[in-house]
2 protein chains.
Amino acid sequence: MSTAADLTSTSYALLGLLAVRPSTTYELAQQMDRTLSRFWPRARSKVYEEPRKLVDRGLAAAAEGAVGRRRRTVYSITPKGRRALAAWVAAPGQGPVLEFEQLMKVFFADNGTTDDIRRTLLDTRAWAHERTLVNVEVGRSYLEGRGLYPERAAVNMLVGRFLDDFLECLDRWAEWAGETIETWPERPRDAAADPVAMEHSVRQAEDRAARYEAPGGPDD
Amino acid sequence: MSTAADLTSTSYALLGLLAVRPSTTYELAQQMDRTLSRFWPRARSKVYEEPRKLVDRGLAAAAEGAVGRRRRTVYSITPKGRRALAAWVAAPGQGPVLEFEQLMKVFFADNGTTDDIRRTLLDTRAWAHERTLVNVEVGRSYLEGRGLYPERAAVNMLVGRFLDDFLECLDRWAEWAGETIETWPERPRDAAADPVAMEHSVRQAEDRAARYEAPGGPDD
DNA sequence: TTCTTCATGTAATTAGTTACATGATTGA
DNA sequence: TCAATCATGTAACTAATTACATGAAGAA
């Protein structure tokens, strides 16, 4: 058993899921898909790998079972695991990291056509829509009280709200951008930047900066 | 020279920067920091690696120079590179991928204290604020006409708007969440989920779904 | 002249992904 | 009884990161 120093955020992601309840790797993978994947996406194979690491560090325990001739491992968190998780929750975390290929294609759109942008924006909206439908499903199940783990309802609400706000932000932007480019010539490089729209962002950013520094700011 | 099949999005990121103008690796790295890093973050060493790959594929050319005893390579895009870039811009791209460790800490906050959440949310707001200040700087320079590459102004506006909208969304959420948890008990697991707040997200998502399917939707 | 910052890379390591393989279960 | 889907992993590969090394230029 080595020290816990080399645990990654992904390790704690799995540890956190085990803190909710003991699970098989399959159940962990399902939970990843339904929840964590929106803000901490990882490949399936990680879900099989990390718990073994947690066991090695003494943060989780593995109960070996079987289904027919197949192995079946149920993992559960240990007291030491709970302490490690609490320490991780209390420690500062990283801010959001965004990878947005479609936006990069918009950014380099002057090497293509305005129609390329249009198609990309439609893809973005379709993407947002698809996830929205899932959110509505999950959200309704909570409202109807079918949500499991009522002790997690309050934090789920905080997280769910962010995820939906993000989709709303994304969809509104793609809608606005789609309207904006409607009048553009075929080549984006020939389009003129609308000064009104340009001011909008700068003003919004300035207002936000003022809002942060004035009332609830850190020097307050 | 092998085929272009194994180029990654990161390869095209660098190729796109070279399409703006020929650059040294240092200049490419600067551009990455100032622009692409917000939606396609990559380590510095990639900026030295990828252009060589582009040259190998015939998409870029390298002009070897020197500063004193040191090598100095200026890369530029080739006609074949421009065609490849145009094809990439026209092809469908990936939707946004978000990695948000702070949100994950909120998600697992019932293993810690409400104060842990409070600190994390303050970190999030500080993070947003810092980037906001940079955006204001960059945005103002454009408004004042100091922006280089006027042919890129229109697309820059589209991208800049999204980046600022995202920061606005993030900051508003963190502010709201901070107010929400003010009345929570020490243990988040003892907090009750506010049914009004819970409905907000679901309704917002439903409205968005309706908005998508009704007017500008794909079956239209 | 020395210190700091700017500039240009290479090497070693790793976190993560993709592809593969196969047993168990269910329903037509 | 056959096909589809659910379930449980392993192996190979790679994109990307971190750490290291050092020359050039400018400032004190």
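Per chain, numbering begins at 1; letters A, B, ... match sequence-line order. Just so it is clear, the values below take in all heavy atoms, side chains as well, and ignore hydrogens, waters and symmetry mates.
Looking at A:Trp40 and A:Thr10, their side chains do bring a donor and an acceptor atom within 3.5 Å of each other. In the model, B:Glu64 has a side-chain atom that pairs as donor or acceptor with a side-chain atom of B:Thr73 under 3.5 Å.
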Point to revise | Candidate pair B:Arg203 and B:Glu206, rule salt bridge (charged side-chain N to carboxylate O under 4.0 Å, His left out), full reasoning | key: CA-CA 5 Å; B:Arg203 182 143 326 165; B:Glu206 283 172 344; 5.3 Å; no

Exercise for review: Could you give me the CA-CA distance, side-chain angles and deciding distance for B:Tyr149 and B:Arg21, then say whether side chain to side chain donor-acceptor pair (under 3.5 Å) is met?
Suggested key: CA-CA 10 Å; B:Tyr149 314 113; B:Arg21 62 161 186 189; 3.1 Å; yes

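First and last contacts of DNA chain D with chain B, using any nucleotide atom under 4.0 Å from a protein heavy atom and ordered 5' to 3', fall at D:dA15 to D:dA25.
Under 4.0 Å is where a charged nitrogen must lie from a carboxylate oxygen, and between B:Asp171 and A:Arg208 no such pair does. Ion pairing between A:Asp115 and A:Arg119 holds under the 4.0 Å rule for side-chain N and carboxylate O. The pair B:Arg152-A:Asp110 meets the salt-bridge criterion, with a side-chain N (NZ, NE, NH1 or NH2) lying under 4.0 Å from an Asp/Glu carboxylate O.
The residue among A:Glu50 and B:Arg52 whose nearest nucleotide of DNA chain C is located toward the 5' end is B:Arg52. Ranked by how close their nearest DNA chain C nucleotide is to the 5' end, A:Thr10 and B:Glu49 are led by B:Glu49.
Rounded to a whole Å, the CZ atom of A:Arg44 is 15 Å from the C1' atom of C:dG16. Atom P of nucleotide C:dA15 and atom NZ of A:Lys46 are separated by 7 Å, given to the nearest angstrom.
Using a 30° and 60° split on the angle between ring planes, A:Phe162 and B:Phe166 fall in the perpendicular class, above 60°.
Between B:Ala205 and A:Asp164, the shortest heavy-atom distance links the atoms CB-OD1, 3.3 Å.
No donor-acceptor contact under 3.5 Å links the side chain of B:Ser45 to the base of C:dT10.
Between A:Tyr12 and B:Phe108, the distance from one ring center to the other does not fall under 6.0 angstrom.
Taking a 4.0 Å limit (strictly below) on heavy-atom distances, residues 65-77 of chain A reaches DNA chain D at A:Arg70, A:Arg71, A:Arg72, A:Thr73. Within residues 21-37 of chain B, no residue has any heavy atom closer than 4.0 Å to DNA chain D.
Not one N or O on the side chain of B:Glu213 forms a donor-acceptor pair closer than 3.5 Å with the backbone of B:Ala210.
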